[in-house]
Amino acid sequence: MDTINEEILKLLQSHFAVLNEKALQEEIAKVGYMMHFKAGEVIMDFGSYVKLVPLLIKGSIKVVRESEDRDGEIFLYFLKTGETCSMSFSCCMMDKQSDIRTTAEDDTTLIGVPVKYIDQWMMKYPSWKNFVMRSYDSRMHELIHTIDSIAFQKLDERLLGYLRQKAAATQSKIILTTHQHIADDLNASREAISRLLKNLEKTKNIKLGRNKIELL
DNA sequence: ACATTAAGTGATT
DNA sequence: AATCACTTAATGT
């Protein structure tokens with residue numbers, strides 16, 4: 001069990017440069033799991049217990065909040081390469097159920113670290129602590145951003161922002177999705193999204209196709 | 001050719 | 001802006 005996984009070691013060095021302590025890298029390489037998810041796969045569902053912290057190597061992960069009663073869900077943010085899910089830190093330290101659902105947006109590769117280590121590493125490795133704090137910080141900012149986009153922005157601005165984020169997460173100007181999916185993510189009706197997309201096409205921001213949106 | 005699914009439209013609240 | 005009721009268009013079998 002305690003052999004160092006060379007593949008993980010390499011990936012850490014290339015994707016998580018901030019975790020620069022050799023001993024830490026080696027520990028992760030010992031206890032981490034390489035995991036792969038296909039596009040669209042649910043990684044962690046609402047209500048499940050979190051027992052792994054993900055370090056994202058490749059692909060991107062969509063994080064959404066589920067509403068308890070109605071079947072609504074709200075898109076929160078995308079996780080990209082080199083990032084981690086700070087929600088999972090708090091969830092697993094408290095041993096609480098997940099408030100969110102994460103799905104693979106693309107084919108995704110990550111290193112799963114069992115939660116029992118994340119706490120003890122905080123004391124042991126300054127770079128780990130730093131990494132955890134930094135991801136909290138950046139996630140807080142993103143959350144605040146999405147909160148006020150919901151509170152203050154009009155739907156069309158949110159839509160454009162969503163498309164941009166999706167393009168960034170996916171590293172491509174071409175987004176493959178349906179109007180219905182977008183509507184679900186933004187908690188809006190399909191018709192509204194269709195109409196707004198039409199406007200964006202007219203104003204030359206995007207180009208529409210079936211199951212396809214191209215950013216210009 | 002036919003059925004299914006995505007997208008567009010207009011009216012109503 | 002949501003919902004409904006429909007139409008039109010694209011795609012798979």
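The structure presented is a predicted model; accordingly, all values stated were derived computationally and were not measured. All chains are named by letter (A, B, ...) in the order of the sequence lines, taking the proteins before the strands, and each is independently numbered beginning at 1. Worth knowing before you read on, the calculation uses all heavy atoms, side chains too, and leaves out hydrogens, waters and symmetry mates.
With a heavy-atom cut-off of 4.0 Å to chain A, the contacted part of DNA chain C has its first and last nucleotide at dA1(C) to dT11(C).
For the pair Ile8(A)/Met34(A), a side-chain contact is recorded, criterion being any heavy-atom separation below 4.5 Å from C-beta on.
Comparing the start and finish of the helix from dA1(B)-dT13(C) to dT13(B)-dA1(C), five pairs each, the helix axis swings through 10°, to the nearest 10 degrees.
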* To do: Give the C-alpha distance, both sets of side-chain angles, the deciding distance and a yes or no for side chain to side chain donor-acceptor pair (under 3.5 Å) between His181(A) and Thr178(A).
  => CA-CA 5 Å; His181(A) 276 107; Thr178(A) 66; 2.9 Å; yes

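Salt bridge Glu73(A)/Arg65(A): absent, no basic N to carboxylate O contact under 4.0 Å. Between Glu142(A) and Arg139(A), at least one side-chain nitrogen of the basic residue sits less than 4.0 Å from a carboxylate oxygen of the acidic one, meeting the salt-bridge criterion. At a threshold of 4.0 Å, the pair Asp184(A)-Arg190(A) does not count as salt-bridged, since none of the basic side-chain nitrogens sits closer than that to a carboxylate oxygen. A salt bridge is absent between Glu191(A) and Arg195(A); no separation between the charged side-chain nitrogens and carboxylate oxygens falls under 4.0 Å.
Residues that satisfy the side-chain hydrogen bond (donor to acceptor under 3.5 Å, both in side chains) test with Trp121(A), not counting sequence neighbours, are Glu27(A). For Lys212(A), the side-chain hydrogen bond (donor to acceptor under 3.5 Å, both in side chains) test picks out no residue, with sequence neighbours left out. For Asp106(A), the side-chain hydrogen bond (donor to acceptor under 3.5 Å, both in side chains) criterion is met by Thr170(A), not counting sequence neighbours.
Residues Phe131(A) and Phe16(A) place their aromatic rings such that the two centres sit under 6.0 Å apart.
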* Structure fact -> B/S/- along nucleotides 5-12 of chain B (protein heavy atoms under 4.0 Å) is BBBBBB--

